[in-house]
Q: 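Below is one structure. I have some questions about it.
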Amino acid sequence: MDVASQWQLMWWKFKKHKLAVISAVVLILMYLTVVFCEFISPNLSDTRFTAYKNAPPQKIHFVDADTGFSFRPFVYGMKESINQETFLRTFAEDKTKKYTIHFFVKGEPYKMWGVIPSSIHLFGLGDKEGAAMFLMGTDQLGHDLLSRLIYGGRISLSFGLVGIVLTLIIGLLLGGISGYLGGVSDTIIQRIIDFLICIPTIPLWMALSAAVPRDWSATKMYFGLIIIFSVIGWTGLARVVRGKILSLREEDFTVAARLAGASDLRIIRKHLLPSFASYIIVSVTLSIPGTILGETSLSFLGIGLQAPAVSWGVLLQDAQNLETLAHHPWLLWPAAFIMLTVLMFNFLGDGLRDAADPYK
């Protein structure tokens, strides 16, 4: 007779949560996009189009007034004019210039992951002179916002994963020691947790990130912020792990492992933690959005990552001016991607939590 394992039961229950499945697919696509961002983005993140500063998003067309319907999408060129009332530069479609969008086109040279040289982009206009495509508009320096959103997603999305790995290690280690050994170790660890929890999180983030040297490179700042978030964020997971281990350390299988001569660390790692691994996965999944929001918030406030690094929080710095937003609302595109990511992780976490609940 076949017996389903715990993971099989979780998978069957998870598949019934349609919103969680859709969220998982969306997140996988987002992470694949940022992994291959050099290939997928039509332009490099630092390429400037000085003739198209603060240009609005272009529309993709399939129908032309002269040629009719076309299966090949295209965009019209843009012509600049000055608004005589506000004296602001405005752009309008120039229907005398038509540029066809092609796939797998040759464009600006790049190095995939900084190693593999190439000049092939997933889509674009090719090497046509004077052609430019800005599907999400440009910023005040003339950068293609779509390309910068894709590049920025690599930092912001990876920040959540890398940060939660360090948080997971610290939380599991200290939570396991606290719950299994008890005594003085438990008292010390729990008092440290109480101290960290009683400090308001955002001011603590700001204080620690402000202490990071401003002359650090983008890479050092990236890992510095990860360490800051991990040192602060392990407390909740450690308390969950401690509570679970307290209820399991006197079970028969734990006593048997101890009598067999297994070390305390092996008992925690091989017997106790796998007993509630599903709850750990749910906790980690729900913690990733908080880490992403934390990095975004600090970068938005100017005390996290700084230009020339490109993250969603850095891109949102251009949206701090209300007057700028009134004339260039497309600068809020990074906020939409942040909201989508957080929602997808929350839906995924809900689905995993329901699938891991044995009483549901």
Q: Quiz question: by atom type and distance under 3.5 Å, do the side chains of Glu108 and Ser119 form a donor-acceptor pair?
A: no
Q: For Tyr180, run the side chain to side chain contact (heavy atoms under 4.5 Å, CB included) check against Thr254, Leu246, Leu248 and tell me which one passes.
A: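 One option only clears the test, and that one is Thr254.
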Q: Looking at every heavy atom in both Leu237 and Gly171, which two are closest together, and how far apart are they?
A: CD2-CA, 4.2 Å
Q: We want to know whether Asp46 and Tyr151 form a side-chain donor-acceptor pair, criterion being a heavy-atom distance below 3.5 angstrom.
A: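 Side chains of Asp46 and Tyr151: no pair found under 3.5 Å.
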Q: Is it true that Ser147 and Ser45 share a donor-acceptor pair across their side chains at a distance under 3.5 Å?
A: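 No donor-acceptor contact under 3.5 Å links the two side chains.
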Q: Quick one: does Arg48's side chain have a donor or acceptor within less than 3.5 Å of a partner on Leu141's backbone?
A: yes
Q: Under 3.5 Å, is there a donor-acceptor pair between the side chain of Thr187 and the main chain of Gly183?
A: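 Yes; judged by distance alone, with no hydrogens or angles, the pair exists.
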Q: Do the rings of Phe159 and Tyr222 sit parallel, tilted or perpendicular, given the 30° and 60° boundaries?
A: perpendicular
Q: Check the pair Arg154 / Glu38 against salt bridge (charged side-chain N to carboxylate O under 4.0 Å, His left out), numbers first and verdict last.
A: CA-CA 10 Å; Arg154 171 176 284 184; Glu38 295 93 348; 2.8 Å; yes
Q: For the ring pair Trp312 and Phe300, is the centre-to-centre distance below 6.0 Å?
A: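 Centroid separation for Trp312 and Phe300: 6.0 Å or greater.
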Q: Between Glu80 and Lys53 (salt bridge meaning N to carboxylate O under 4.0 Å), is one present in this structure?
A: no
Q: Closest heavy-atom contact between Gly175 and Ile245?
A: O-CD1, 4.5 Å
Q: Determine yes or no for a side-chain-to-main-chain donor-acceptor pair under 3.5 angstrom, with Asn43 supplying the side chain and Asp144 the backbone.
A: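 No: the side chain of Asn43 does not pair with the backbone of Asp144.
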Q: Could you label the plane-to-plane angle of the Phe69 and Phe62 rings as parallel, tilted or perpendicular, counting under 30° as parallel and over 60° as perpendicular?
A: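 Geometry flag for Phe62 against Phe69: parallel rings.
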Q: Does this structure show an ion pair linking Arg148 with Asp139, if we count only N-O contacts that are shorter than 4.0 Å?
A: yes
Q: Strictly below 4.0 Å, N to O, side chains only: are Asp186 and Arg242 in salt-bridge contact?
A: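 Arg242 and Asp186: salt-bridged.
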Q: Please determine whether side chain to side chain contact (heavy atoms under 4.5 Å, CB included) holds for the pair Glu93 and Lys59, giving the CA-CA distance in whole Å, both sets of side-chain angles, and the decisive distance to 0.1 Å.
A: CA-CA 9 Å; Glu93 286 186 339; Lys59 296 179 181 179; 4.0 Å; yes
Q: Restricting to non-hydrogen atoms, name the atom on Gly77 and the atom on Tyr99 that form the minimum distance, rounded to 0.1 Å.
A: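 Where Gly77 meets Tyr99 most closely, the heavy atoms are CA-CE1, 3.8 Å.
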Q: Checking Ile193 against Arg239 for the side chain to side chain contact (heavy atoms under 4.5 Å, CB included) test, could you report, in this order, the C-alpha distance in whole Å, the side-chain angles of both residues, the deciding distance, and whether it holds?
A: CA-CA 8 Å; Ile193 292 175; Arg239 286 237 160 129; 3.7 Å; yes
Q: Ring-plane angle category for Tyr110 and His121, please: parallel below 30°, perpendicular beyond 60°, tilted otherwise.
A: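 Perpendicular.
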Q: Take Tyr76 and His61, measure what side chain to side chain contact (heavy atoms under 4.5 Å, CB included) needs, and give me the verdict at the end.
A: CA-CA 8 Å; Tyr76 290 115; His61 298 273; 3.6 Å; yes
Q: List the steps, then state whether side chain to side chain contact (heavy atoms under 4.5 Å, CB included) holds for Met30 with Thr341.
A: CA-CA 9 Å; Met30 292 179 70; Thr341 303; 3.0 Å; yes
Q: Looking at every non-hydrogen atom in both residues, tell me the closest pair between Leu332 and Ala319 and how far apart they are.
A: CD2-CB, 3.9 Å
Q: Counting distance only, does the side-chain N/O of Ser247 pair as donor-acceptor with the main-chain N or O of Lys244 below 3.5 Å?
A: yes
Q: Are there more than 12 heavy atoms of other residues, nucleotides or ligands under 6.0 Å from atom CE of Met339?
A: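 Result for CE/Met339: open.
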Q: Within a 6.0 Å radius of atom CG on Asp252, are there more than 12 heavy atoms belonging to other residues, nucleotides or ligands?
A: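 12 or below, so no.
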Q: Would you say that more than 12 heavy atoms from the other residues, nucleotides or ligands in this model lie under 6.0 Å from the CZ of Arg266, or not?
A: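 Incorrect, the count does not exceed 12.
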Q: Quick check: closest heavy atoms across Ile155 and Val310, and the distance to 0.1 Å?
A: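 Nearest pair, atom of Ile155 first, then Val310: CD1-O, 3.1 Å.
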Q: What are the two closest heavy atoms between Pro289 and Val342, and how far apart are they?
A: CB-CG1, 4.0 Å
Q: If we ignore angles and hydrogens, is there a donor and acceptor under 3.5 Å between the side chains of Ser299 and Glu295?
A: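 Per modelled atom types, Ser299 and Glu295 side chains form a pair under 3.5 Å.
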